[in-house]
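The chains referred to below are lettered A, B, ... by the order of the sequence lines, with proteins before strands, and numbering in each begins at 1. What's counted below: heavy atoms across the whole structure, side chains too, no hydrogens, waters or symmetry copies.
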Number of protein chains: 2
Amino acid sequence: MLSEQPITSADKTFFRLRKDIVEGQIASGSKLSETELSTKYQVSRAVVREAINRLETCNLVERKANIGARVVALSPQGLVQLYQVRESLEGMAARLAANNMTDEEVSGLNDLLSSHFQEVKQGQSYYQEAGDVDFHYRIIMGSKNQHLISMLLNGIYHLVRMYRVQLGMAGPRVTTAFDEHRHIVQAISHRDEELAEMLMRRHILYSKNNIAAKLEGK
Amino acid sequence: MLSEQPITSADKTFFRLRKDIVEGQIASGSKLSETELSTKYQVSRAVVREAINRLETCNLVERKANIGARVVALSPQGLVQLYQVRESLEGMAARLAANNMTDEEVSGLNDLLSSHFQEVKQGQSYYQEAGDVDFHYRIIMGSKNQHLISMLLNGIYHLVRMYRVQLGMAGPRVTTAFDEHRHIVQAISHRDEELAEMLMRRHILYSKNNIAAKLEGK
DNA sequence: CGAGTCTATATTGTCGACACTTTTCGAAAT
DNA sequence: ATTTCGAAAAGTGTCGACAATATAGACTCG
């Protein structure tokens, strides 16, 4: 679906590393040793370096010259800042999507919603994460703004996932989130830009509060 | 001021390439040959590759596996999309800056404005570009949001400069832009978030219209 | 005993060579 | 003359080795 097909060895290494970081197999804040990773993954250091460069573009690691790369540290204030920009950008995406999505894309979004409804009704809440990502993904793509798409998908989305996964956000908030999704799609169907933006911003704000509450409770 | 001090050879190559691209010495749309650049700049291909990777992060070049990198092509619709996100992000930056800048930073901003006024009064409009960049830079930094700062400074600012430079935006619109700057600073001084955001968005919208007009006339 | 310095070690930065892919160009067949 | 195939050329991807820098530890001096 996201059509991220690995071609080169650096691609594969990048995807493996990204997965390990997002899912916490490589601890946040830990150092990424080029030599260590090259022996672990059986590739040259040049490949690992390329992969780390791309991880830096994703904001998943931070590199310093002559010192090395570290996985980003997760923090409450980092979460707040991340969701501040996410709210603004995805709100904008919803507004643009209300304008720029084709009728076919809108009806496809409605179909997606229906299938989610079936799954939720049958209690398959474990599908929620992938479905949620897909929902947001389609609206982001629907904005048809290349810079916005790049910033969200390359720049912050994997970091958002990292927060969600590592704070154990698997499954809750299914039903209310579903209703929020439904209203957003309605607004887009009616080509109501302002409402679509407002509902999306609110949706993401709720999501942030939900995560922040978990983060407090820890 | 921007404290971009080159450390490694890759840094220097990156800065040189970025300058050449932004200022048009390397034509937009042209191919970047690794071997060619490595002989031209007297560095190894690994260094050039690293530099090109960073240029890709800046959205100044596009890379494809096994094919190579090309300088981005400038287009009217690209400009529109770029300024759409810029308006949203810098509007947000102004809003956050109204909240998060210290009193010292605000007074520093006022000082900057005064010195611009002196220069404008003396007809030194050629300083406008650097001054404009500095003005926006301070407000972006004043947001204190690391993701927002990174997206604007690493993600789109050099591309904005590329459009401006290559379309010959050196100097016009000085006096009106100065007034717009002044009003934005007033709003920030009064800690009026909403007004600051609105004025900044409008300021950038005007700027876009100005550039688009030049682009039409060509 | 602590602070500072110097050496040894480990890690990152850079390089040139080789492997693989893409493109180019010419020859052959229709 | 046009199309197709294949070999040569050019370019990117990957590798291991060396150079430069940072870190850790021992040693000296106060």
Distance, rounded to the nearest Å, where Phe14(A) contributes CZ and dG13(D) contributes P: 15 Å
Residues within residues 34-45 of chain A bordering DNA chain C, heavy-atom distance below 4.0 Å: Glu34(A), Thr35(A), Arg45(A)
Listed once per pair and sorted, the salt bridge (Lys or Arg N to Asp or Glu O under 4.0 Å) pairs that draw on residues 64-77 of chain B, sequence neighbours left out: none
Glu90(B)/Lys208(B) under salt bridge (charged side-chain N to carboxylate O under 4.0 Å, His left out): CA gap, chis, key distance, verdict: CA-CA 13 Å; Glu90(B) 286 216 46; Lys208(B) 183 193 75 175; over 6 Å; no
Partners passing side chain to side chain donor-acceptor pair (under 3.5 Å) against Asn99(B) (at least two apart in sequence or in another chain): Glu193(B)
Donor + acceptor pair across side chains of His181(A), Asp132(A) (<3.5 Å): yes
Salt bridge (Lys or Arg N to Asp or Glu O under 4.0 Å) contacts in which one or both residues fall within residues 137-148 of chain B, not counting sequence neighbours: Glu105(B)-Lys144(B), Asp134(B)-Arg138(B)
Protein-nucleotide distance (Asp11(B), atom CG; dT21(D), atom C1'), rounded to Å: 14 Å
Bounds of contact between DNA chain C and chain A, in 5' to 3' order, using a heavy-atom cut-off under 4.0 Å: dT11(C) to dT14(C)
Sugar-phosphate, base or nothing in reach of Ile7(B), heavy atoms under 4.0 Å: nothing
Parallel, tilted or perpendicular: rings of His136(A) and Tyr157(A) (30°, 60°): tilted
Donor on one side chain, acceptor on other, Asn53(B) and Arg54(A), under 3.5 Å: no
Stepwise side chain to side chain contact (heavy atoms under 4.5 Å, CB included) test for Met151(B) and Leu89(A): CA-CA 11 Å; Met151(B) 282 183 174; Leu89(A) 290 178; 3.8 Å; yes
Given DNA chain D, 5'-ward residue of the pair Lys31(B) and Ala46(B), judged by closest heavy atom: Lys31(B)
Strand-adjacent residues in residues 51-68 of chain A, judged by heavy atoms under 4.0 Å from DNA chain C: Arg63(A), Ala65(A), Asn66(A), Ile67(A), Gly68(A)
Val71(A) and Leu32(A), any side-chain heavy atoms less than 4.5 Å apart: yes
Donor + acceptor pair across side chains of Asp11(B), Thr8(B) (<3.5 Å): yes
